Amino acid sequence: MEELVGPRLYSCYKCRNHVSLHDDIISKAFQGRNGRAFLFSHAMNIVLGPKEDRHLTTGLHTVADVSCGDCHEMLGWKYERAYEATQKYKEGKFILEKSKIVKENW
């Protein structure tokens with residue numbers, strides 16, 4: 001009998017809440033607060049903090065912190081607005097720190 005395999009997921013490292021799909025990764029070449037981070041097109045089961053302007057490596061952005069919807073662990077941030085024309089592609093996308101997420105169904 002064939003075994004059914006679900007989608008490859010990323011989960012919160014602390015409580016295993018599913019927060020994103022592997023297929024939603026746009027780039028693995030980002031920097032978070034604590035090291036490497038991935039840029040995702042979508043995230044799920046998360047809570048957004050208030051919007052605030054932050055000076056990041058690539059310039060001024062309006063961001064909202066992203067926390068796990070279950071345990072409230074800080075996982076990264078969402079780009080709400082990019083002020084530099086070359087950074088506009090990040091708007092509406094999510095940064096999840098590699099150290100804060102784990103692979104599921106791999």
Side-chain angles (χ1 to χ4, degrees):
M1 190 163 155
E2 190 177 316
E3 186 178 332
L4 294 176
V5 178
R8 294 190 298 172
L9 300 163
Y10 284 96
S11 299
C12 170
Y13 81 103
K14 206 170 187 180
C15 72
R16 297 299 195 262
N17 179 30
H18 298 158
V19 293
S20 198
L21 298 171
H22 174 73
D23 289 346
D24 289 336
I25 291 179
I26 295 170
S27 175
K28 293 182 177 182
F30 276 73
Q31 189 67 28
R33 286 186 188 96
N34 304 307
R36 279 188 58 201
F38 300 160
L39 182 68
F40 287 87
S41 59
H42 300 93
M44 58 190 160
N45 303 319
I46 52 127
V47 176
L48 292 176
K51 295 177 187 177
E52 61 181 61
D53 287 342
R54 266 190 219 149
H55 290 279
L56 303 173
T57 307
T58 54
L60 181 64
H61 299 273
T62 302
V63 299
D65 286 334
V66 169
S67 299
C68 174
D70 283 350
C71 73
H72 304 291
E73 179 71 18
M74 184 75 66
L75 302 175
W77 63 85
K78 179 181 181 184
Y79 287 104
E80 297 287 354
R81 183 174 178 200
Y83 292 90
E84 301 283 334
T86 60
Q87 302 301 309
K88 291 285 187 188
Y89 75 96
K90 296 177 184 174
E91 291 182 342
K93 309 294 189 304
F94 298 85
I95 287 288
L96 299 178
E97 299 205 35
K98 188 177 179 212
S99 65
K100 303 287 184 131
I101 55 176
V102 293
K103 295 175 179 177
E104 303 254 349
N105 290 340
W106 289 64

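Just the heavy atoms: all of them, side chains too, but no hydrogens, waters or symmetry mates, feed the values below. These numbers were taken from a predicted model, which means no experiment stands behind them. The first residue of the sequence shown is numbered 1, and numbering continues consecutively from there.
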Any side-chain heavy-atom pair of K90 and L56 under 4.5 Å: no

Student check: side-chain heavy atoms of N45 and D70 closer than 4.5 Å: no

Test item: I101 and S20 side chains (from C-beta on) under 4.5 Å apart, heavy atoms: no

Approximate separation, where rounding is to 0.5 Å, of D24 CG and F38 CZ: 13.5 Å

Check: K103 and R8 side chains under 4.5 Å, non-hydrogen atoms: no

Rounded distance [0.5 Å steps], CG in L9 versus CE in M44: 5.0 Å

From NE2 (H61) to CD (E52), nearest 0.5 Å: 13.0 Å

Euclidean distance, C68 SG relative to Y13 OH, rounded to 0.5 Å: 10.5 Å

Q31 side, atom CD; R36 side, atom CZ - distance, nearest 0.5 Å: 9.5 Å

Separation of F94 CZ from I25 CD1 (nearest 0.5 Å): 14.0 Å

Heavy-atom donor-acceptor pair, K88 side chain to A82 backbone, under 3.5 Å: yes

K51 atom NZ, over 12 foreign heavy atoms within 6.0 Å: no

Salt bridge (charged side-chain N to carboxylate O under 4.0 Å, His left out) partners of E104, counting only residues at least two apart: R16

Same cluster (ILVMFWY, side-chain, under 4.5 Å), I46 and Y10: yes

Min side-chain heavy-atom separation L75-C12 under 4.5 Å: yes

Main-chain N/O of L96 paired to K100 side chain as donor or acceptor, under 3.5 Å: no

Min side-chain heavy-atom separation L39-I95 under 4.5 Å: yes

Main-chain N/O of S99 paired to N34 side chain as donor or acceptor, under 3.5 Å: no

Side chain to side chain contact (heavy atoms under 4.5 Å, CB included) between R33 and D65, worked out: CA-CA 11 Å; R33 286 186 188 96; D65 286 334; 2.7 Å; yes

Parallel, tilted or perpendicular: ring planes of W77 versus Y79, cut at 30 and 60 degrees: perpendicular

Residue from D53, L48, V63 passing side chain to side chain contact (heavy atoms under 4.5 Å, CB included) with E80: L48

L21 and H42, any side-chain heavy atoms less than 4.5 Å apart: no

